Each structure stands twice: as C-alpha cells, then as structure tokens.
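Quick caveat: nothing in here was measured; it's all calculated off a predicted structure. Numbered from 1 within each chain, the chains take letters A, B, ... in sequence-line order.
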2 protein chains.
Amino acid sequence: MSAKALKPTEGELEILQVLWDKGEATVREVHEELAKVKDIGYTTALKLLQIMYEKGLVSRDDSAKTHIYKPAVTREKTQKQLVGKMINTLFAGSPGQLVMQALGNHNASKEELDEIQRLLDSLKKPS
Amino acid sequence: MSAKALKPTEGELEILQVLWDKGEATVREVHEELAKVKDIGYTTALKLLQIMYEKGLVSRDDSAKTHIYKPAVTREKTQKQLVGKMINTLFAGSPGQLVMQALGNHNASKEELDEIQRLLDSLKKPS
DNA sequence: TCATTACTACGAATTTTATCGTAATAAATA
DNA sequence: TATTTATTACGATAAAATTCGTAGTAATGA
C-alpha cells in the first residue's frame, strides 16, 4: 500500500487524462487539450497543475524554464480506486451490478466482448 | 429525455442511497442512517434534503409537520448517468475496459457471474 | 541592446459544497 | 394550560475546488 489514496477532483481527472494519453506534457499542451473541450484560461490550467504537483498527483521536470509534467498516479490505480468507490456508493457493494449496467447500457465492441468472455471464463473455473 | 441531468454531489448521493433503500424517509430517518457512517448534524442533513428538493432530486410530502422525502430520480438512471461519465472520463470511452476493471479487481459472486454470462451471450448473438 | 513573447508564481476572487446555529412554530406531554 | 420536545426555515460560515489577473523573469528576436 502506498501512502494515501488521494482522490483527484473532477478537474484534476481531466488533466490526468491528458497526461495519461500523452505520457507527459507542458502546461501549454495540457491547456490546449482542455481548451478543445471547455473554456478554460491558461493560468487556470497552470494553477491546477501546480496544485496537483503539491498533492503528489503529478511529477514535473522543472530544470528548464518550461516545466514538463507527468502523471504520478497510474490510470489503472485511479480506475481501481474510483470504480471501487462507485461500487460501494452506487451499487450497494455489488461489482456485478456495475458490470451489468456498463454492459447493458453502453456499446462494447466485439473484441471487448470476447475479452470479457475470456476473463469471465477464467473467473468461473479458477485453479 | 427528461429535462436535465443534474449530477448529484457526493453528499447528495449518500442521501439518495438511503432514500432508494427505504423508499421514503423523514429527515430524522435519513439523519440516523447517515450518522451510522459519519459524523453529521441533524440540520446538515435537513439542509441537504432541502437543497435536493430545490434541485428536484427528491420530492416531499409536507402536508404534515414532519416532511416525508422520496427520491425523484431513480437509482438506475443515476447509475447510468454516472457510469457513462466514468466511462468517458476514466476509460477513454470504452465500456469494456470498465467492465474488465470491475470484474478483475472485485469479487463478483457465482450468481452474478452467471447473470453476466447470460447478458454477454445475448450481446454476442443479437437476435 | 531593447522590445516582445512565453512562462511561472502567487494571491485573490468566485463558485460550489458542506456544515451548523438560531429562531419560529407545531406537537406532545406533564 | 404551561412546558418541553421535535421539526422546519433560514442565514451564516467554513471548506473545497475552480478561475483568473498581475507581476516578475527568462527567452527570443528585431
């Protein structure tokens, strides 16, 4: 168990998305991505990144003038954390219900369905 | 499509949980449930319910002195809304990935796995 | 070199969410 | 009836999250 499970806020998640996708990015790059989707000022993005840095959600290389940010938490861990929380607060602790929801209401591709089938098989006959 | 998709906050979700479970409840009942889990004052619960009422998240019968609150949004709709959002913001739009996460990291019961299998079958060979 | 541009830092304002105290009143009860 | 208790309404405060302006400075390039 690493130190603490710091829950990213909504805005922080948006930034993490960008960083996960790109691997690393400057404030400018992050801002450009966010600006595609929503109205947001440059310094707002900067400030958020700075706060995330203080919280340990991102790391950064500030050896050059233009700092380069990287995610300090993995997508997987964050997914696990938030999915777990959602199972508890919205699905009465039942992961199966969440799966049913996700499968039933959203379109998964053939490939994904096959992948799920394989996982399901391995879960059904453990060894 | 009903009017708006008002996203409940964290605290509002906790209250909805109680209302969904009980069907309806007074402020006192809601407060008692919440108090089992966290420190919270009576008037805080009351205020939250009042705010939720203004937002249309709950309805209430205030014909008697003690008001009775009911959820005005269904668990299913709320689940759908929040799961959809999570798929977008955390799973790059891929419901399959969310399912993999939920199945892989959390223990689903045998019954749930079977149920998922049936759904999966129906998805794989559409009528 | 001087002016312009690109950054970061920082503080402040705003917005959203959560929390609670107090007052008013209805209901219960002594 | 008089007192206590239960309840709602309301406003104020606090806490958390978001947003942005301004200042300072490094880099760029005319």
Side-chain angles (χ1 to χ4, degrees), chain A residues 4-19 24-70 73 78 81-82 85 89-90, chain B residues 4-19 24-70 73 78 81-82 85 89-90:
Chain A
K4 44 188 132 199
L6 209 27
K7 190 175 109 200
T9 67
E10 199 73 13
E12 289 170 346
L13 261 185
E14 291 179 307
I15 288 186
L16 281 174
Q17 281 281 91
V18 175
L19 294 181
E24 60 177 41
T26 62
V27 175
R28 179 144 307 278
E29 291 168 327
V30 168
H31 175 248
E32 274 169 11
E33 284 304 312
L34 295 187
K36 287 180 185 171
V37 179
K38 62 190 279 200
D39 255 10
I40 183 177
Y42 176 88
T43 52
T44 303
L46 167 65
K47 183 68 168 190
L48 265 180
L49 279 162
Q50 288 171 338
I51 291 172
M52 292 171 77
Y53 175 68
E54 284 163 18
K55 288 189 185 175
L57 286 172
V58 299
S59 63
R60 76 179 178 193
D61 175 353
D62 52 9
S63 59
K65 175 174 188 198
T66 300
H67 301 175
I68 297 173
Y69 287 84
K70 293 182 189 175
V73 293
T78 307
Q81 178 191 357
L82 296 184
K85 177 157 191 97
T89 63
L90 252 191
Chain B
K4 44 190 134 197
L6 208 27
K7 192 174 113 204
T9 68
E10 199 74 11
E12 290 170 345
L13 261 185
E14 291 179 306
I15 287 186
L16 281 175
Q17 282 281 92
V18 175
L19 294 181
E24 61 178 40
T26 63
V27 175
R28 179 144 307 277
E29 290 168 328
V30 168
H31 175 248
E32 273 169 12
E33 283 305 311
L34 295 187
K36 287 180 184 171
V37 178
K38 63 188 278 199
D39 255 10
I40 184 176
Y42 177 86
T43 51
T44 304
L46 166 66
K47 182 69 168 189
L48 266 179
L49 278 162
Q50 287 171 340
I51 291 172
M52 292 171 77
Y53 176 68
E54 284 164 18
K55 289 190 185 176
L57 286 172
V58 300
S59 63
R60 75 180 179 193
D61 175 351
D62 52 9
S63 59
K65 175 172 187 199
T66 300
H67 301 175
I68 297 174
Y69 287 84
K70 294 182 187 176
V73 294
T78 307
Q81 177 191 358
L82 296 183
K85 176 155 192 100
T89 63
L90 253 190

Nearest heavy-atom pair of A/L49 and A/V58: which atoms, and what distance? O-CG2, 3.9 Å
Could you report the tightest heavy-atom contact between B/S63 and B/D61, atom names first, then the distance? OG-OD1, 2.7 Å
On a heavy-atom basis, which atom in B/Y69 and which in B/R60 lie closest, and how many Å separate them? OH-NH1, 3.0 Å
Measure CG/B/L49 against P/C/dA18 and give the value in whole Å, please. 13 Å
D/dT7 P sits how many Å from B/D61 CG, rounded? 15 Å
State whether the side chain of B/T26 and the backbone N or O of B/E29 hold a donor-acceptor pair below 3.5 Å, judged by distance alone. yes
In whole angstroms, how far is the C1' atom of D/dT8 from the CD atom of B/E29? 16 Å
Considering just the side-chain nitrogens and oxygens of A/R28, establish if one lies under 4.0 Å of OP1 or OP2 belonging to C/dT5. no
Under the side chain to side chain contact (heavy atoms under 4.5 Å, CB included) rule, what do B/K7 and B/L82 come out as? Steps first, then yes or no, please. CA-CA 8 Å; B/K7 192 174 113 204; B/L82 296 183; 3.8 Å; yes
Nearest-Å distance, NE2 (B/H31) to P (C/dT19)? 11 Å
Hey, does B/I51 reach any base, or is it just sugar-phosphate, or nothing, if we go heavy atoms under 4.0 Å? nothing
Take the protein atom NE2 of B/H67 and the nucleotide atom P of D/dA6, then report the distance between them rounded to whole Å. 17 Å
With sequence neighbours left out, the residues meeting side chain to side chain contact (heavy atoms under 4.5 Å, CB included) with B/E12 are B/P8, B/T9, B/L48, B/I51, B/M52, B/K55, B/L57
Report the distance from atom CG of B/L48 to atom P of D/dA14, rounded to the nearest whole Å. 18 Å
Rounded to whole angstroms, how far apart are CD on A/E54 and C1' on C/dC10? 11 Å
With the sugar-phosphate defined as primed atoms, P, OP1 and OP2, and the base as all remaining atoms, what B/S/- string results for nucleotides 20-30 of chain C, 5' to 3', for protein heavy atoms under 4.0 Å? BBB--BBS---
Heavy-atom closest pair, residues A/L19 and A/A25: CD2-CB, 3.8 Å
B/T9 vs C/dA18: side-chain N/O to OP1/OP2 distance below 4.0 Å: yes
How many Å lie between CD on B/Q50 and P on C/dT19, as a whole number? 15 Å
Examine distances only and state if a side-chain atom of A/H31 and a backbone atom of A/I40 form a donor-acceptor pair shorter than 3.5 Å. yes
I would like to know whether B/K85 and A/E10 meet side chain to side chain contact (heavy atoms under 4.5 Å, CB included); could you show each step before the answer? CA-CA 11 Å; B/K85 176 155 192 100; A/E10 199 73 13; 2.6 Å; yes
For DNA chain C, determine which residues of residues 10-17 of chain B have any heavy atom closer than 4.0 angstrom to one of its atoms, and list them numerically. B/E10, B/G11
